[in-house]
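FYI, side chains are in, hydrogens and waters are out, and symmetry mates aren't considered; it's all heavy atoms of this structure. The shown structure was predicted, so the numbers you read here are calculated from the model rather than taken from an experiment.
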Amino acid sequence: METVVHPLLQFVSRPSPAVDLPAATCDQMDLKARRASWGPPAVLLLMLLASGSTDGYKPVIIVHGILDGPKQFVNLSMFIEKVHPGTNVSTISLYNNNKSLMPLWTQVRDFRKAIEDIMSEHPEGIHLLCFSQGGLICRAVLSMSPNHNVHTFISLSSPLAGQYGDTDYLKKVFPECLKKTVYLLCYNKLGQNCCFCSICNYWNDPHHRACYLKGNTFLPLINGEMPHQHLEDWRENFLRIKKMVLIGGPDDGVITPWQSSLFGFYDSNETVVEMKNQMFYKNDAFGLKTLDAHGNISVCVQSGVKHTHWHSNFTVFTNCIERWLI
């Protein structure tokens, strides 16, 4: 990796032509005299270091999606390190590939511990970049972690308002089912807790709203669609973030409707209702309206990007992600 030298360090890496630099030992010159001889560039550098105003970048934690793992995010990590040299990038290796089909509450528990362990090593704060199903895991972690220090939460093509579509991913999990019958498998105790049914935890059938609210034990809770004892605490925790970036596009081919990546979703006629007209937004159930009112939501829509290409597309990175990883 190329080493980048801070411009101010270039000044103090060589003696000033007008002043001889002092010896490094304390017994040869007192501290006051040495400070006076360093000159303005060195004093300015020390002031910047003390204030934290250097070119350092906050660490980035990446959480993968369904049926993939860290190896799919090598390109994304390289993009980050290319444009922001020295960035600490951690792609969490948990519930990879087929194990990503485990119930989401089980995954949230372990991802939360892994994320909090990394956060504890970086009190300056971190950025959380989460793809597809990983975005829902991160949403839950942000709600359940009272002391998290996530600065920016970047949701990359994630079904934040749910999923309802006959896609290749659905056929891999339920090969004999059509979208109109999946609710029969999902909205019960077995469907919510079986070892290969994570999609059931965010399956949102707009034609069976009551069954969804009663039988889905994950998405209605984190989106505040059902009252529960932790609702206010989760809302307060979520609002600790400084920025949320929502990324998606019409050619995704998996997230259905694709506007779910922007908190939009179908009504009972399968007409997409945008985020601001969703009840969880109007009620500010988990803090979405508050975050938006403060100007802390950024939306980036990109056409021509298939679902499995979001994290390896450099145009997506430069247009939607790069600016927020500072």
Which of parallel (below 30°), tilted (30 to 60°) and perpendicular (above 60°) describes His311 and Phe73? tilted

Check the orientation of Phe280 and Phe263. Use parallel for under 30°, tilted for 30 to 60°, and perpendicular for over 60°.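 Answer is perpendicular, since the angle exceeds 60°.
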
Kindly compute the distance separating [atom1] ([X]) from [atom2] ([Y]), expressed to the nearest 0.5 Å.
X: Trp203; Y: Asn216; atom1: CH2; atom2: CG; answer: 11.5 Å
X: Asp166; Y: Lys180; atom1: CG; atom2: NZ; answer: 9.5 Å
X: Leu190; Y: Leu185; atom1: CG; atom2: CG; answer: 8.5 Å
X: Ser155; Y: Ile297; atom1: OG; atom2: CD1; answer: 11.0 Å
X: Ser100; Y: Ile66; atom1: OG; atom2: CD1; answer: 5.0 Å
X: Glu236; Y: His230; atom1: CD; atom2: NE2; answer: 14.0 Å

Do [X] and [Y] meet the criterion of a side-chain donor-acceptor pair at a distance under 3.5 Å?
X: Gln192; Y: Asn201; answer: yes
X: Gln133; Y: Tyr202; answer: yes
X: His309; Y: Asn313; answer: no
X: Trp310; Y: Asp252; answer: yes
X: Ser93; Y: Asn96; answer: yes
X: Asp284; Y: Thr290; answer: yes
X: Thr315; Y: Gln302; answer: no
X: His307; Y: Ser132; answer: yes
X: Asp205; Y: Tyr187; answer: no

Is atom [atom1] of [X] surrounded by more than 12 heavy atoms (other residues, nucleotides or ligands) closer than 6.0 Å?
X: Glu270; atom1: CD; value: yes
X: Ile326; atom1: CD1; value: no
X: Asn98; atom1: CG; value: no

Do [X] and [Y] share a hydrophobic cluster (ILVMFWY, side-chain heavy atoms under 4.5 Å, transitive)?
X: Ile199; Y: Leu184; result: yes
X: Val108; Y: Ile92; result: yes
X: Ile118; Y: Ile115; result: yes
X: Phe314; Y: Leu156; result: yes
X: Leu213; Y: Met279; result: no

Run Leu262 and Met275 through side chain to side chain contact (heavy atoms under 4.5 Å, CB included) and show every step you take. CA-CA 7 Å; Leu262 313 178; Met275 175 183 75; 5.8 Å; no

Smallest separation among heavy atoms of [X] and [Y], with atom names:
X: Gly191; Y: Cys200; result: O-CB, 3.3 Å
X: Cys195; Y: Pro103; result: CA-CD, 4.2 Å
X: Lys306; Y: Asp251; result: CD-O, 3.4 Å

Determine, stepwise, if the pair Arg139 / Asn223 fulfils side-chain hydrogen bond (donor to acceptor under 3.5 Å, both in side chains). CA-CA 9 Å; Arg139 271 277 293 108; Asn223 279 350; 3.0 Å; yes

Applying side chain to side chain contact (heavy atoms under 4.5 Å, CB included) to Tyr281 and Asn277, what does each step give before you reach the verdict? CA-CA 7 Å; Tyr281 179 94; Asn277 290 323; over 6 Å; no

Partner of Leu76 under side-chain contact (heavy atoms from CB on, under 4.5 Å), picked from Val60, Val89, Leu129, is Leu129

Checking [X] side chain against [Y] main chain: does a donor-acceptor pair fall under 3.5 Å?
X: His148; Y: Asn237; result: yes
X: Thr106; Y: Met102; result: no
X: Ser198; Y: Leu104; result: no
X: Thr271; Y: Asp267; result: no
X: His64; Y: Leu94; result: yes
X: Arg235; Y: Ala285; result: no
X: His151; Y: Gly125; result: no
X: Ser260; Y: Thr256; result: no
X: His127; Y: Ile61; result: no
X: Asn204; Y: Ala161; result: yes

Report yes if the side chains of Leu239 and Ile241 come closer than 4.5 Å at any heavy-atom pair, otherwise no. no

Run the numbers on Asp68 and Thr308 for side chain to side chain contact (heavy atoms under 4.5 Å, CB included), then give the verdict. CA-CA 10 Å; Asp68 61 20; Thr308 56; over 6 Å; no

Cation-pi check for Phe317 against Lys82: NZ or CZ below 6.0 Å from the six-membered ring centre and within 45 degrees of the axis, yes or no?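 Judged by the rule (NZ or CZ under 6.0 Å from the ring centre, within 45° of its axis), Lys82 is not positioned above Phe317.
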
Is the gap between the SG atoms of Cys194 and Cys197 under 2.5 Å?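 A disulfide, yes.
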
Name all residues meeting the side-chain contact (heavy atoms from CB on, under 4.5 Å) criterion together with Ser120; count only those two or more places apart in sequence or in a different chain, and write none if there are none. none

Centroid separation Phe286 to Trp234 less than 6.0 Å: no

Dump the intermediate steps for side-chain hydrogen bond (donor to acceptor under 3.5 Å, both in side chains) on Tyr212 and Glu225, then the final yes or no. CA-CA 10 Å; Tyr212 161 74; Glu225 297 174 281; 2.6 Å; yes

Yes or no on side chain to side chain contact (heavy atoms under 4.5 Å, CB included) for Leu142 and Phe153, after CA distance, side-chain angles and deciding distance? CA-CA 9 Å; Leu142 290 170; Phe153 166 44; 3.7 Å; yes

